[in-house]
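Accompanying notes for the structure given below.
Residues take their numbers from the sequence shown, with the count starting at 1.
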Amino acid sequence: VQLQASGGGLVQTGGSLRLSCAVSGMPFSSLVMGWFRQAQGKKREFVARISWSGVTKSYADSVKGRFTIVRDNANNTVYLQMNSLKPGDTAVYYCAASKSTYSSVQLWDYWGQGTLVTVSS
């Protein structure tokens, strides 16, 4: 399974970016998809996840109301729409895929290479 993340870049505070993650090598609609991020010097943290159907989603408290995760099963892609960006959102963003069912304890099986998001003040 390959995950290819893209869409990162430099944006000013209050701006928006949309990250994409294209998946190949496994039936996309069978995967729970997620986004994580890792700021310099910090641990990787959960950002958002979405169920197979796209109906069920969850977000980190720090991004609720600003970020939206969606998926396009026809095109094997998951997106992270990020609005009202803050300098604290600066990080490398990773997409991840899970073969497990959507549950409170999600095991992540596959990871993308990461895309850098920098929010300037």
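Between L107 and S100 there is a side-chain heavy-atom pair separated by less than 4.5 Å. You'll find the side chain of I50 reaches within 4.5 Å of the side chain of V78, heavy atoms only. Counting heavy atoms from C-beta outward, R49 and K57 have side chains that stay 4.5 Å or more apart. Residues T13 and P87 meet the side-chain proximity criterion, which asks for heavy atoms closer than 4.5 Å. Side-chain contact between Y110 and V23 is absent, with no heavy-atom pair separated by less than 4.5 Å. Residues M82 and S16 form no side-chain contact, since every pair of their non-hydrogen atoms from C-beta on lies 4.5 Å or further apart. K99 has its side chain out of reach of S30: every pair of non-hydrogen atoms, C-beta onward, lies at least 4.5 Å apart. Taking the side chain as every heavy atom from C-beta outward, L19 and Y79 never approach each other to under 4.5 Å.
Checked against side chain to side chain contact (heavy atoms under 4.5 Å, CB included), S24 has the following partners two or more places apart in sequence or in another chain: Q2. Applying the side chain to side chain contact (heavy atoms under 4.5 Å, CB included) test to S29 and every residue at least two apart in sequence or in another chain returns N73. Every side chain to side chain contact (heavy atoms under 4.5 Å, CB included) that S84 has, sequence neighbours left out, goes to R66. W52 pairs by the side chain to side chain contact (heavy atoms under 4.5 Å, CB included) definition with V32, T101, not counting sequence neighbours.
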Exercise. May I have the step-by-step check of side chain to side chain contact (heavy atoms under 4.5 Å, CB included) for Q113 and Q4, ending in yes or no?
Key: CA-CA 7 Å; Q113 84 288 0; Q4 183 68 42; 3.1 Å; yes

| Can you check side chain to side chain contact (heavy atoms under 4.5 Å, CB included) on D109 and S98, steps first, answer last? | CA-CA 5 Å; D109 301 289; S98 172; 4.1 Å; yes

What do the steps show when you test D61 against K64 for salt bridge (Lys or Arg N to Asp or Glu O under 4.0 Å), and what is the final call? CA-CA 5 Å; D61 288 344; K64 279 181 183 176; 3.1 Å; yes

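Closest approach of S20 and T77 over heavy atoms only: CB-CG2, 4.3 Å. Residues A39 and A91 approach most closely at N-CB, 3.7 Å, considering heavy atoms. Contact between R37 and S62 at its shortest, heavy atoms only, is NH2-OG, 3.4 Å.
Applying the disulfide (SG to SG under 2.5 Å) test to residues at least two apart or on different chains, the pairs with a partner in residues 18-66 are C21-C95. Residue pairs meeting the ring pair (Phe, Tyr, Trp, His ring centres under 6.0 Å) criterion with at least one partner in residues 3-44, sequence neighbours excluded, are F36-F46, F36-W108, F36-W111.
Rounding to the nearest 0.5 angstrom, the gap separating the CG atom in L17 from the CG atom in L10 is 9.0 Å. For the atom pair Q38 CD and Q40 CD, the distance stands at 10.0 Å (nearest 0.5 Å). The CE atom of M33 sits 11.5 Å away from atom CG of L80, with the distance rounded to the nearest 0.5 Å. With rounding to the nearest 0.5 angstrom, the CG atom of L85 is 8.5 Å from the OG1 atom of T90.
Linking Ile, Leu, Val, Met, Phe, Trp and Tyr whenever their side-chain heavy atoms come within less than 4.5 Å leaves Y102 and V47 in two separate clusters. Cluster annotation: V70 is not connected to L31 through the hydrophobic network of ILVMFWY side chains, with a link wherever side-chain heavy atoms come within less than 4.5 Å. Each of Y94 and V119 belongs to its own hydrophobic cluster when Ile, Leu, Val, Met, Phe, Trp and Tyr are linked at side-chain heavy-atom distances under 4.5 angstrom.
Panel note: side chain T115, backbone G8; a donor-acceptor pair is recorded below 3.5 Å. Under the 3.5 Å distance criterion, the side-chain polar atoms of D89 are matched with a main-chain donor or acceptor of K86.
Side-chain N/O atoms of S120 and Q12 include no donor and acceptor closer than 3.5 Å.
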